[in-house]
Number of protein chains: 2
Amino acid sequence: MKRGLSDACNLFFLTLSNPTRLAILELLRQRDMSVTEITTALDQEQSMISHNLTPLVRCGLVFVEQHWKERIYSLNHETMEPLFQIMSDHFDRYCAKKAGEINCTTTTKKLANI
Amino acid sequence: MKRGLSDACNLFFLTLSNPTRLAILELLRQRDMSVTEITTALDQEQSMISHNLTPLVRCGLVFVEQHWKERIYSLNHETMEPLFQIMSDHFDRYCAKKAGEINCTTTTKKLANI
DNA sequence: TCTTCGTATGAGTGTAACATCATATGAAGA
DNA sequence: TCTTCATATGATGTTACACTCATACGAAGA
């Protein structure tokens with residue numbers, strides 16, 4: 001990562017650090033969806049979904065296409081699948097998972113390598 | 001990414017969505033450093049660096065070891081290098097970079113694939 | 001053109017994260 | 001034990017983000 005991209009990274013990760021947007025990404029991982037479908041699936045306000053879709057599109061994490069009256073959102077699988085994989089690997093290796101709670105035990109290198 | 005890890009992902013990305021912490025990660029990418037070294041290199045307050053190191057360690061993005069009076073922080077290369085790579089690829093493919101500003105042009109799938 | 005559907009946008013408000021300042025802790029040497 | 005160095009912690013004011021509510025916009029059908 002070259003210098004000067006920090007702002008972009010910041011925005012990228014800021015976009016990802018939101019429960020609603022993460023839920024949208026998980027949904028779109030399964031299949032493309034319209035705003036109404038996402039709204040229904042997540043049982044949230046339509047305006048909230050729209051507001052959260054905006055930064056996802058702006059960062060290129062999801063794409064959007066107009067189909068008749070609907071706007072169909074789709075995941076950027078090329079970026080997101082490897083990202084999901086890294087997350088999964090990281091949590092497996094460095095964080096103890098028990099019953100939904102996250103508890104990183106990596107305070108030292110030695111502990112981390114166990 | 002299995003369900004239930006959303007909170008962990010949220011925390012993970014929240015930790016990454018901060019200019020100071022991103023700068024620390026870029027620094028540690030080069031070599032291990034003490035708090036004082038990081039503070040000097042980034043020309044910031046020591047307490048600020050300490051405050052920002054805490055979440056990085058908690059998420060397992062950096063490790064820490066005590067060496068005499070100093071605490072040496074090191075990057076979790078195993079997680080961070082592939083992450084840096086994804087970011088780099090993503091920006092190359094989906095975002096127009098010009099002179100430090102970020103400008104994603106991916107409003108539709110077709111545009112994105114150009 | 002009037003209505004309905006699907007979606008986006010804007011204003012207002014509460015909350016959470018951040019930087020800062022001050023202080024505490026802990027280890028090592030004098 | 002007193003001082004100094006290295007780092008961590010706590011409290012506080014401000015900023016920025018996210019949710020909600022209301023409304024606007026655009027497309028398609030009647």
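Quick note on labels: first sequence line is chain A, next is B, and so on, each numbered from 1. Predicted, not measured: the structure shown is a model, and the values here were computed from it. Below, all heavy atoms of this structure are taken into account, side chains as well, without hydrogens, waters or symmetry copies.
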key: Nearest-Å distance for atom pair CZ/C1', residues A/F13 and C/dC18   = 19 Å
ask   = What is the distance, rounded to the nearest whole Å, between atom CZ of B/R71 and atom P of C/dG26?
value = 12 Å
ask   = Step by step, would you call A/L16 with A/L61 a side-chain contact (heavy atoms from CB on, under 4.5 Å)?
value = CA-CA 9 Å; A/L16 286 166; A/L61 298 175; 3.8 Å; yes
note = Given the options B/I24, B/L56, B/L25, B/L75 meets side chain to side chain contact (heavy atoms under 4.5 Å, CB included) only with B/L25
ask   = B/S17 and side chain to side chain contact (heavy atoms under 4.5 Å, CB included): which partner among A/T15, A/N18, A/N10, A/L11?
value = A/N10
Could you work out which one of [options] sits closest to the side chain of [X]?
| X | options | value |
| --- | --- | --- |
| A/S50 | C/dA28, C/dT7, C/dG6 | C/dT7 |
| B/K69 | C/dT7, C/dA19, C/dA28 | C/dA28 |
| B/L14 | C/dA27, C/dA17, C/dT9 | C/dA17 |

Cluster link B/L27 to B/V64, ILVMFWY, side chain under 4.5 Å = yes
task = Indicate whether OP1 or OP2 belonging to C/dA19 is found under 4.0 Å from a side-chain N or O atom of B/N52.
result = yes
query = Is A/Y73 near enough to C/dG6 that one of its side-chain N or O atoms lies under 4.0 angstrom from OP1 or OP2?
reply = no
remark   = Note: B/P55 and B/H51 closest approach over all heavy atoms is CD-O, 3.0 Å
ask   = When you look at A/I49 and A/Q46, which way does the side-chain contact (heavy atoms from CB on, under 4.5 Å) test go after all the steps?
value = CA-CA 5 Å; A/I49 300 301; A/Q46 177 270 321; 5.8 Å; no
note = Whichever of B/H51 and A/T54 has the more 5' nearest nucleotide on DNA chain C, that residue is A/T54
inquiry  = Between B/E26 and A/S6, is the side chain to side chain donor-acceptor pair (under 3.5 Å) condition met? List the steps.
reply    = CA-CA 9 Å; B/E26 284 197 63; A/S6 284; 2.9 Å; yes
inquiry  = Could you walk me through whether A/F91 and B/C9 satisfy the side-chain contact (heavy atoms from CB on, under 4.5 Å) test, starting with their C-alpha distance in whole Å, then the side-chain angles of each, then the deciding distance to 0.1 Å, before giving a yes or no?
reply    = CA-CA 9 Å; A/F91 291 135; B/C9 286; 3.9 Å; yes
ask   = Where along residues 39-49 of chain B does a heavy atom fall under 4.0 Å from DNA chain C?
value = B/E45, B/S47, B/M48
query = How would you give the extent of chain B contacts on DNA chain D, as first and last nucleotide 5' to 3' within a 4.0 Å heavy-atom cut-off?
reply = D/dC5 to D/dG10
B/F12 and A/H90 aromatic ring geometry - parallel, tilted or perpendicular at 30°/60° bounds = perpendicular
